[in-house]
Number of protein chains: 2
Amino acid sequence: MKEQFRLNNQLCFRLYTASRLITQAYHPLLSGHGLTYPQYLVLLVLWEQDAQPVNDIAKRLKLETNTITPLLQRMEKAGLLLRRKGETDARQMIVSLTPQGKKLQKQLSGVPETVGRSVLCESVTPATLPELYRNLDDIINKLSNKE
Amino acid sequence: MKEQFRLNNQLCFRLYTASRLITQAYHPLLSGHGLTYPQYLVLLVLWEQDAQPVNDIAKRLKLETNTITPLLQRMEKAGLLLRRKGETDARQMIVSLTPQGKKLQKQLSGVPETVGRSVLCESVTPATLPELYRNLDDIINKLSNKE
DNA sequence: GATATTTATATCGTTCACGATGCAAATATA
DNA sequence: TATATTTGCATCGTGAACGATATAAATATC
């Protein structure tokens, strides 16, 4: 048995599992508001800056527009946001929050801390988080360089 | 703008993005063999120990059987494995590799190192990997405690 | 031994991800 | 100003994830 094949040695598997489990931790906090985790990410982006074209949201989340477009359509149908054609560039779709979408920011204000607390443990603490962030950011930057 | 909402502060988003990007890095190495990343994970498990019930594979990958069952069915259809009813317990489905599934182990022997190299960067090195692994394992253990 | 409960897997419906493709608007080039 | 290329978004098909539910076999309880 080649050691390199052992699941215990795989970085990707750990990231994959940790990502799924934290997303599951968000679920009970979001589902009551009819939200999924990727939809919550879209709200985070729009709460920072409202009225963005689809492409800017996609780049921020490092997702393709073919993932985001149907997601935004569902959120529009749910009354959380509006999509209207850009005035200066008719190819763009400008996505903006409805009052309902804005209101969710207050209602979900406890979410980051709740999830944060559920993740802290022996080796992951406020003191060690910056190094973990640096590792993940470096991996993300390394892999998203497309040239 | 509440600081806690900033996407830059979110651990889950980093894990989610890093996981997706590494999975994408596997893609060109696996797609030629007709494999997806989750299917590769199943092979890793079966290469370690052949002829396991569905439940053992699911637990190892921390996935539900309703995710794994259709995945295994697709792999069976692709000729990579067999599913047969357990002899001692007729509820179980024992999953075992076909010769083709076993042969892939040699053909994919370069994959772990290739992906590993594509991830190493300034802050993620052979020296810092153990600490990163420890962080991720702690998060995974914390969140998968179901009691 | 009959009934209830648990366990192992499967099926169904919805929502991502993402490669491939299509299309119209904007821009570049001839 | 025609034509070509690029850009922004949408559509389609496939394969995960996962909550909810179903079903049959094994086990526990009466």
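First the proteins, then the strands, lettered A, B, ... as listed; each starts at 1.
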Student: Surrounding CD of B:Gln107 (heavy atoms of other residues, nucleotides or ligands, distance under 6.0 Å), is the total greater than 12?
Tutor: yes

Student: DNA chain D: B:Asp89 or B:Lys62, which has the more 5' nearest nucleotide?
Tutor: B:Lys62

Student: Would you tabulate the nitrogen or oxygen pairs shorter than 3.5 Å linking the protein to nucleotides 9-11 of chain D?
Tutor:
| from | atom 1 | to | atom 2 | distance (Å) |
| --- | --- | --- | --- | --- |
| D:dC9 | OP1 | A:Val54 | N | 3.3 |
| D:dC9 | OP1 | A:Met93 | N | 2.9 |
| D:dC9 | OP2 | A:Asn55 | N | 2.7 |
| D:dA10 | OP1 | A:Arg83 | NH1 | 2.5 |
| D:dA10 | OP2 | A:Thr69 | OG1 | 2.6 |
| D:dT11 | OP2 | A:Gln73 | NE2 | 3.1 |

Student: Kindly write out the residues that satisfy side chain to side chain contact (heavy atoms under 4.5 Å, CB included) with B:Asn66, not counting sequence neighbours, or none if the list is empty.
Tutor: B:Glu64

Student: Side-chain N or O of B:Thr36 versus OP1/OP2 of D:dA16: is the shortest distance under 4.0 Å?
Tutor: yes

Student: Compare every heavy atom of A:Leu11 with every heavy atom of A:Ile139, then report the nearest pair and how far apart it is.
Tutor: CD1-CD2, 4.1 Å

Student: Which residue lies toward the 5' end of DNA chain C, A:Tyr37 or A:Ala90, if each is placed at its nearest nucleotide?
Tutor: A:Tyr37

Student: With sequence neighbours excluded, give me every salt bridge (Lys or Arg N to Asp or Glu O under 4.0 Å) pair touching residues 90-101 of chain B.
Tutor: B:Asp89-B:Arg91

Student: Under 3.5 Å, which donor-acceptor pairs do the side chains of residues 30-37 of chain A form with other protein atoms, sequence neighbours left out?
Tutor:
| from | atom 1 | to | atom 2 | distance (Å) |
| --- | --- | --- | --- | --- |
| A:Ser31 | OG | A:His27 | O | 3.2 |
| A:Thr36 | OG1 | A:Gln39 | N | 3.3 |
| A:Tyr37 | OH | B:Phe13 | N | 3.1 |

Student: Would one find a side-chain N or O of A:Tyr16 under 4.0 angstrom from OP1 or OP2 of D:dA16?
Tutor: no

Student: Taking atom C1' of D:dA17 as reference, at what distance in whole Å does atom CG of A:Leu21 sit?
Tutor: 12 Å

Student: Using atom types as modelled, flag every donor-acceptor pair under 3.5 Å from a side chain in residues 119-127 of chain B to any protein atom, sequence neighbours excluded.
Tutor:
| from | atom 1 | to | atom 2 | distance (Å) |
| --- | --- | --- | --- | --- |
| B:Ser123 | OG | A:Asn135 | ND2 | 3.0 |
| B:Ser123 | OG | A:Asp138 | OD2 | 2.7 |
| B:Thr125 | OG1 | B:Ala127 | N | 3.2 |
| B:Thr125 | OG1 | B:Thr128 | N | 3.2 |

Student: For B:Arg20, enumerate each residue passing the salt bridge (charged side-chain N to carboxylate O under 4.0 Å, His left out) test, keeping only those at least two apart in sequence or located in another chain.
Tutor: none

Student: Could you state the atom-to-atom distance from CZ of A:Arg84 to P of D:dG8 in whole Å?
Tutor: 18 Å

Student: Just how far, in rounded Å, is C1' of D:dG13 from CZ of B:Arg74?
Tutor: 13 Å

Student: What's the CD-C1' distance between A:Gln24 and D:dC18, to the nearest Å?
Tutor: 8 Å

Student: For A:Arg83, what residues pass the salt bridge (charged side-chain N to carboxylate O under 4.0 Å, His left out) criterion, not counting sequence neighbours?
Tutor: A:Glu76

Student: Once salt bridge (charged side-chain N to carboxylate O under 4.0 Å, His left out) is applied, do any residues pair with B:Arg74, and if so which ones, sequence neighbours excluded?
Tutor: none

Student: At a heavy-atom distance below 4.0 Å, which nucleotide of DNA chain C is the first touched by chain A, and which is the last?
Tutor: C:dT15 to C:dA26

